[in-house]
Enquirer: 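Take this structure, written in structure tokens, and hold onto it; I'll ask about it next.
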Amino acid sequence: MKFTKSTLAVTAAFAAIGLSTQAQAGATLDAVVNKGFVQCGVSDGLPGFSYTDASGQYRGIDVDVCRAVAAAVFGDANKVRFSPLTAKERFTALQSGEVDILSRNTTWTSSRDAGMGLNFAGVNYYDGQGFLVSKRLGVKSARELDGAAVCTQSGTTTELNLSDYFRANGMKYTPVNFDKSDETVKALEAGRCDVLTSDQSQLYAQRIKLAKPDDYMVLPEVISKEPLGPVVRQGDDEWFNIVRWTLFAMINAEELGVTSKNVEQEAKDSKKPDVRRLLGADGEYGKDLKLPKDWAVQIVKQVGNYGEAFERNVGMESELKIARGQNALWNKGGLQYAPPVR
Amino acid sequence: MSTHTFKPDLQPPVMSVGVLGWLRANLFSNWFNTLLTLLAIYLIWIVVPPILRWVILDADWSGSTRADCTSGGACWVFIKVRFAQFMYGFYPAELRWRVDLTVLLAIVGAAPLFIRAMPGKLRYGLLFLLAYPLLAYWLLHGGFFGLAEVQTSQWGGLMLTLVIAVVGIGGAMPLGVLLALGRRSDMPAIRVICVTFIEFWRGVPLITVLFMSSVMLPLFLPEHVTIDKLLRALLAVMLFEAAYIAEVVRGGLQAIPKGQYEAAAAMGLGYWRSMGLVILPQALKLVIPGIVNTFIALFKDTSLVIIIGLFDLFNSIHQATVDPAWLGFATEGYVFAAAVFWIFCFGMSRYSMRLERRLHTGHKR
């Protein structure tokens, strides 16, 4: 291990000069409060989830989770710094303390939750693998895809899910593999395959890249479970609770009809006990979380409730136009459900 | 007395002079060349017009959203809207003058070095090389002497590419020369250290070095001690390229005849003076093409930092292509990246040719 040692020595020497170290001590919340911002690991570029707009601002549904945590802790959603992470380095960055939260379309699986010293704080997007087909094909369901040529990105779990699905349903298919998602789109357009498969959230982004997006549709079937959510280090329950309840506050706010527009009014005037408890008008629920009394008010005011964040980043108000589907609230046919604040 | 008048010369045959003659001699001299010429014309005919149409004739130049890109050609609006980000990354807009000033200072400061007969050039050069990096660090990073701090995570675009390339080149060059000298040293300890260093860094791909620095290194450090990502990348690039430069320079050292070493010793020069005054000036001059080759490769390799999540020019462009407002314009972005990289690499290559011509002292064949 000569390399690591020598590099260590050199980098340690630089670090000692104090060029750019950030030494932190104690629990995550104390460290975050001390340094004055939340360090958040996001994707290095995924439409709707984490990307930068023309003015250099980070945007996306994953980015909003971090902004909401900053709003809860500091009362200021802008006290957050982002570290763009690649898929390979994301867990190291979290484990080593480089970031406080990892909010980077990461699938919640048993091996990651239990085997890697991580805790998933919840699910901010229920994703799953789907199919994008040309409307010309006249296919209405994935069950009718027997014998189709399917474009996939090689080396991902989508290949495995695809073969499982076709085998389970006794259908045949021809795989057409590519390295990059852009190539799969071009191949679908050129007619080299009949179907393109990827996570549904990505299919909508790829549809925009087609010359005539309206000629293509995403089939309703979802053939795998990909619950995506924010992740924190195991062993700091205090911080885990904050991130988890920040997400729950956004979902609860949507369920209770609290939006960024009416939240201040509701906090003052609402008669509903649920709303009053969430917004800190009744009780001291913020204190249990070691957060200010108005934590949920700040989240909803500055970032919005879950529905607002969804529509703004990936839903009908965005270019992606993803339907709520599984991400609708539990009382509207979806899976998003948050325990009550009381 | 009759004077003899010569008949006027006949015009040479039309087919052997002028454009026609040139065409015949060079393009249609036999059936094979004719075939190749026709094939080449056909290829140009099918390739160039569509490219021209896409790049210029059908392209959209004005506007500010994707809705303005309707004509079917390239959508340069995308580049225009994102241009500042491609140049500066996330550097705060109101502080971008600091980047501009840094570049300006580099140009103004280095200009005297290009004047051939400037007195005290060596001293000025050394002073510049020592003072400029500190000044540039102060301007770009700030955080002391009255300038607000700009975290390196906000650096990006062409500016970051240049920072990596310049620091890489600036650090690798002296280190490489020292390594090359060390490898030819008579002292076994120094020789072994240099050989090990060079062979180690030449033996691993840059991409794994970068990857190790960002994925493995943090695991060996205590929790909550983080070393700046850019600093890790800079060190990795610098050490890696130093090994290559060392081997290029060693090639030059070996080409210097033994008589030169002996002559320098006979003049009473010690090791450092004989190297600095006699051997290295000749050796480095010989290996200019090799050194510039390495630098051009380094400049292009900077785009590898994409795998550790640094936003250099290439990654900034990649990042812009995933903005939902601009999905589907990746081609324009990559063409732009290629153009910028080409301009810089071509510039370096032309400068090295000029340098070679100026420094040539009769070895040219």
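Chain identifiers are assigned alphabetically (A, B, ...) following the order of the sequence lines, protein sequences preceding nucleic acid strands; residue numbering begins at 1 within each chain. Worth knowing before you read on, the calculation uses all heavy atoms, side chains too, and leaves out hydrogens, waters and symmetry mates. Quick caveat: nothing in here was measured; it's all calculated off a predicted structure.
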Enquirer: Examine whether an atom of A/T52 lies under 4.5 Å from a heavy atom of chain B, and if so say whether it belongs to the side chain, the backbone or both; otherwise answer neither.
Expert: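 For A/T52, backbone and side chain are both near chain B.
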Enquirer: When rounded to the nearest 0.5 angstrom, what is the spacing between CG in B/L217 and OG1 in A/T92?
Expert: 11.0 Å
Enquirer: Take atom CZ in A/R192; do more than 12 heavy atoms of anything else shown fall under 6.0 Å from it?
Expert: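 It does not: A/R192 CZ has 12 such atoms or fewer within range.
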Enquirer: Between CD of B/Q151 and CZ of A/F37, what distance do you get to the nearest 0.5 Å?
Expert: 6.0 Å
Enquirer: Name the region of B/F311, side chain, backbone, both or neither, that has any atom closer than 4.5 Å to a heavy atom of chain A.
Expert: side chain
Enquirer: Which heavy atom of A/G56 sits nearest to which heavy atom of B/F90, and what is that distance?
Expert: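 Here A/G56 and B/F90 meet closest at O-CD2, 3.9 Å.
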Enquirer: Between A/G48 and B/P324, which heavy-atom pair has the shortest distance, and what is it?
Expert: N-CG, 3.6 Å
Enquirer: Checking heavy atoms, do the side chain of B/L230, its backbone, both or neither come under 4.5 Å from chain A?
Expert: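 For B/L230, no heavy atom lies under 4.5 Å from chain A.
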Enquirer: Does the distance from a Lys or Arg side-chain N to an Asp or Glu carboxylate O, for A/E89 and B/R232, drop under 4.0 Å?
Expert: no
Enquirer: Heavy-atom count check: over 12 atoms from other residues, nucleotides or ligands less than 6.0 Å from B/K80 NZ?
Expert: yes
Enquirer: Between B/A330 and chain A, which part of the residue has a heavy atom less than 4.5 Å away: side chain, backbone, both or neither?
Expert: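 It is the side chain, since no backbone atom gets that close.
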Enquirer: Taking the side chain as every heavy atom from C-beta outward, state whether B/R66 and A/I208 have any pair of such atoms under 4.5 Å apart.
Expert: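 When only atoms from C-beta onward are counted, A/I208 and B/R66 do touch, with a gap below 4.5 Å.
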Enquirer: Contact part of B/F211 toward chain A, heavy-atom cut-off under 4.5 Å: side chain, backbone, both or neither?
Expert: side chain
Enquirer: Donor-acceptor pair, B/Q319 side chain versus A/D53 backbone, under 3.5 Å?
Expert: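 Side chain of B/Q319 to backbone of A/D53: no pair is present.
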Enquirer: To the nearest 0.5 Å, what is the distance between NZ (A/K209) and OG1 (B/T331)?
Expert: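 A/K209 atom NZ to B/T331 atom OG1 measures 10.5 Å (nearest 0.5 Å).
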Enquirer: Side chain from CB out, backbone as N, CA, C, O: work out which of these in A/S83 comes under 4.5 Å of a heavy atom of chain B, or both, or neither.
Expert: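 For A/S83, there is no contact with chain B at all, as no heavy atom is under 4.5 Å.
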Enquirer: Check whether A/Y58 gets within reach of chain B through its side chain, its backbone, both or neither, counting any heavy atom under 4.5 Å.
Expert: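 It is the side chain, since no backbone atom gets that close.
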Enquirer: I need the minimum non-hydrogen distance between B/L327 and A/P47, along with the two atoms involved.
Expert: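 In terms of heavy atoms, the two residues are closest at CD2-CG, 3.7 Å.
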Enquirer: Could you go step by step and tell me if B/I306 and A/D44 meet the side-chain contact (heavy atoms from CB on, under 4.5 Å) rule?
Expert: CA-CA 9 Å; B/I306 192 170; A/D44 51 349; 5.8 Å; no
Enquirer: Quick check: closest heavy atoms across A/A54 and B/D323, and the distance to 0.1 Å?
Expert: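 Reported closest heavy-atom pair: N-OD2, 4.3 Å.
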